A.B. asks: 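The structure that follows is given in the form of structure tokens.
Quick caveat: nothing in here was measured; it's all calculated off a predicted structure.
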Amino acid sequence: MTKRISDWFNDRLKLDELPFFRTPDYMYHVSDWLGALVAAAFIYTVISGLILLLYYNPDEGYDSTQLIINTVPYGSVFLYSHLYGAYAMIILAYIHMFRNYFVGAYKKPRELLWILGVFLLALTMGASFFGYSLIGDVLATSAVDVGAGIIESIPGMQWLVPFLFGNYDTGQYGRVLAWHIIFVALIGLLFVFHFFLAESYGMLPSRKVKSKAPAVYTREEWMKFNPWWPRNFIYMLSLILMTWGFILIIPNALAYLNGLPQYYNPFLNPKPAPPPSSPLAATVTTYPPWFFLFFYKIADFSSCVMLDLAIGAIIPLVYMILLPFLDRSEELHPMRRKIFTGIGILMIAYLVQTTLWGDIAPGIPVPFKCQVVALLPPAVIIAIGLWLIPTKKNGGVSKVTKTVSNIGKALAPLLILGFAVVALLFVGGLAEFVNYPSLTTLAVLIPIASLFVIGAKRIAPFILRMEQTSSATPSVSSKLETKKKLAQYIIIVLFVLSLVLMGTIWTIPPTGYESNMFGVDLGLIFVMWGEAVSLYHYVVYKKPNESEE
């Protein structure tokens, strides 16, 4: 049945003739599809934004926001998920960019693809800033004030403030809304160009296959891979559905939870703060949105706005744009281009450090001596660490992999013990985060959660190996068939659960406090559908030798 439907679409739409990248078996991992996750977040944000546009009145920014939340059916669901869709897009774009940075995906022939990606990130930050300002609460007004203050500090640029923001201080956000839409439109245009370039060059092959630039598959190699339709489409659909699910679940769950006052941390509560004219506004610590906290802190480093702009924005942006022309080596392995790897790690360290610093101590000037004390140690540690790590040599990958595998077998008990400790820390950290949500507890939780995920991935092969030795040594194909049968049962369970949820979701009130549970349930349905599609992909397309490169 599914094959007949697939063939029907293929025949009518000529999908096999699309010039899209054919994908080798080993590339069906999320790390190779981060661009699809960014695109999924962008598409969701655009769709939800168009719905909100039907109700938003830019002449009454704050009142209009409150009207959407309290009066429009499921308005808060769309508004909060629209906000967090933009947050997800920023975070995923950073992960996508730095992943490509470290694997060398900016090298020939992907230079233009990389430069467009940097511009897309900059436009995303701009669109998010204008979109965040449309809420019209005291935090949004403060963010615009900070942006306007920076521009006014630049000689000869004062005219730009009314051009960009209009009469925002009187509650009119027509100009801000216009720039928000213009930036989103520019993102859409560049994204189409970026997407077709990515499909043209294809994903960066594994270093085991092609270790040096230009790393592209030949036409003969390419034609042996899986066509875009239907396998790539199905895999991408599963990622899109799950991304949309989490975009819906997280903000609506946070909005539904009690005990999350807005003034504690705007990042963890999508509800608007009081309006600037309210007496309650005086109780709110105002600072820019979380994705500009790093720059807000850098602005405390000196009284010269141009110097702050250069350090926080211009120099990093120019460096990322020129990177393909600065790193001229053919090497793709990060340990064979240590200088650029070190700069990348340092950029991430400074981004996290200044963001947390801006959250903990916003708007407090930092003397030069304190800047040195805070910023020099990460640079020294990274430089010494990279210097101590031996440079990777050609042809040593398989030997190292085998050695690590053998060591892993011997350390399995210690690994399990360590994983148990990390799991306990993760549970404790999660409880701490739920009870005391803040950027600080989040910063503690993220590395522990990362260790937990890494540990789980390390433990899984040992468990599977135990299952293998305890059984009657079944063949690889028979084990795969068993897993596929299990996956089919799980698909049925997910489908039934989603139907049950769909049958009850309409009993939730469309407005008011409880309407956010509609967003949570809708997100769960998307996640279940995404997982079901992923399992379908596994059942239909998974091959016994798929992990080979």
A.B. asks: Yes or no on ring-ring contact (aromatic ring centres under 6.0 Å, His included) for Phe163 and Trp179, after CA distance, side-chain angles and deciding distance?
C.D. replies: CA-CA 10 Å; Phe163 181 68; Trp179 280 111; 5.4 Å; yes
A.B. asks: Would a 4.5 Å heavy-atom cut-off, applied to side chains only, mark Leu241 and Glu531 as touching?
C.D. replies: no
A.B. asks: Taking atom types as modelled and ignoring hydrogens, do the side chains of Tyr168 and Asp145 form a donor-acceptor contact shorter than 3.5 angstrom?
C.D. replies: yes
A.B. asks: For the CD1 atom of Ile95 and the CG atom of Asn100, what is their distance to the nearest 0.5 Å?
C.D. replies: 12.0 Å
A.B. asks: Could you check whether Asp137 pairs with Lys271 (Lys NZ or Arg NE/NH1/NH2 to Asp/Glu carboxylate O, under 4.0 Å)?
C.D. replies: no
A.B. asks: Mind listing the closest non-hydrogen atom pair of Ile505 and Leu522 along with its distance?
C.D. replies: CD1-N, 3.6 Å
A.B. asks: Please report the shortest heavy-atom distance between Met27 and Phe21, naming the atom on each side.
C.D. replies: SD-CE2, 4.1 Å
A.B. asks: How would you list, by chain and number, every residue that makes a side chain to side chain contact (heavy atoms under 4.5 Å, CB included) with Trp506, sequence neighbours excluded?
C.D. replies: Tyr74, Phe518
A.B. asks: Classify the ring geometry between Tyr101 and Trp114 as parallel (under 30°), tilted (30 to 60°) or perpendicular (over 60°).
C.D. replies: tilted
A.B. asks: Between atom CG of Leu83 and atom OG of Ser48, what is the distance when rounded to the nearest 0.5 Å?
C.D. replies: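 Here the rounded value is 10.0 Å.
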A.B. asks: ring-ring contact (aromatic ring centres under 6.0 Å, His included) between Tyr28 and His537: does it pass, once the steps are laid out?
C.D. replies: CA-CA 10 Å; Tyr28 291 99; His537 171 271; 5.1 Å; yes
A.B. asks: On a heavy-atom basis, which atom in Gln172 and which in Asp59 lie closest, and how many Å separate them?
C.D. replies: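 Where Gln172 meets Asp59 most closely, the heavy atoms are CG-O, 4.0 Å.
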A.B. asks: Measure the spacing between CD1 of Ile508 and CE of Met517 and express it to the nearest 0.5 Å.
C.D. replies: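 Separation between the atoms: 6.0 Å.
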A.B. asks: Pick out which of Asn232, Asn226, Asp32 makes a side-chain hydrogen bond (donor to acceptor under 3.5 Å, both in side chains) with Thr23.
C.D. replies: Asn232
A.B. asks: Report yes if some heavy atom in the side chain of Leu139 is under 4.5 Å from a heavy atom in the side chain of Tyr132; otherwise report no.
C.D. replies: yes
A.B. asks: Look up atom CD1 in Ile90 and atom OG1 in Thr124, then write down how far apart they are to the nearest 0.5 Å.
C.D. replies: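 Going from the CD1 atom of Ile90 to the OG1 atom of Thr124 covers 7.0 Å.
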A.B. asks: Kindly give the heavy-atom pair with the smallest separation between Leu280 and Pro274, and that separation in Å.
C.D. replies: CB-CG, 3.7 Å
A.B. asks: Taking side-chain contact (heavy atoms from CB on, under 4.5 Å) as the criterion, tell me which of Leu499, Thr504, Leu497 meets it with Leu501.
C.D. replies: Thr504
A.B. asks: Report yes if some heavy atom in the side chain of Asp25 is under 4.5 Å from a heavy atom in the side chain of Tyr541; otherwise report no.
C.D. replies: no
A.B. asks: Taking the side chain as every heavy atom from C-beta outward, state whether Phe130 and Ile182 have any atom pair closer than 4.5 Å.
C.D. replies: no
A.B. asks: Just verifying a value: how many Å separate Trp290 CH2 and Thr355 OG1, rounded to the nearest 0.5 Å?
C.D. replies: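 OG1 of Thr355 is found 8.0 Å from CH2 of Trp290.
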A.B. asks: To the nearest 0.5 Å, what is the distance between CG (Leu486) and CD (Glu481)?
C.D. replies: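 Answer rounded to 0.5 Å: 12.5 Å.
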A.B. asks: Are Asp521 and Leu524 close enough that some pair of their side-chain heavy atoms sits under 4.5 Å apart?
C.D. replies: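 Of all side-chain heavy-atom pairs linking Leu524 with Asp521, at least one is under 4.5 Å.
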A.B. asks: Parallel under 30°, tilted from 30 to 60°, perpendicular over 60°: which one fits the rings of Phe526 and Trp529?
C.D. replies: perpendicular
A.B. asks: Establish, from distance only, whether the side-chain atoms of Tyr44 and Ser81 form a donor-acceptor pair under 3.5 Å.
C.D. replies: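 The answer is yes; a qualifying pair exists.
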A.B. asks: Please check if atom CZ in Phe246 has more than 12 non-hydrogen atoms from other residues, nucleotides or ligands closer than 6.0 Å.
C.D. replies: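 No, the 6.0 Å shell around CZ holds no more than 12 heavy atoms from other groups.
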A.B. asks: Is it the case that atom OH in Tyr55 sees more than 12 heavy atoms from other parts of the structure closer than 6.0 Å?
C.D. replies: no
A.B. asks: Phe20 and ring-ring contact (aromatic ring centres under 6.0 Å, His included): which single residue from Phe195, Phe233, Trp229 fits?
C.D. replies: Phe195
A.B. asks: Is there a side-chain contact between Leu67 and Asn57 in this structure, where contact means two heavy atoms from C-beta onward sitting under 4.5 Å apart?
C.D. replies: no
A.B. asks: Might you confirm whether atom CZ of Phe78 has over 12 heavy atoms from other residues, nucleotides or ligands at distances under 6.0 Å?
C.D. replies: no
A.B. asks: Are Leu177 and Tyr173 packed together at the side-chain level, in the sense that at least one heavy-atom pair is separated by less than 4.5 angstrom?
C.D. replies: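 A side-chain contact under 4.5 Å is absent here.
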A.B. asks: Less than 6.0 angstrom separating the ring centers of Tyr84 and Tyr87, yes or no?
C.D. replies: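 Centroid separation for Tyr84 and Tyr87: below 6.0 Å.
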A.B. asks: How close do Thr141 and Gly136 get, counting heavy atoms only, and between which atoms?
C.D. replies: OG1-O, 3.9 Å
A.B. asks: For Ile68 and Leu79, work out which heavy atoms get closest and say how close.
C.D. replies: CG2-CB, 4.4 Å
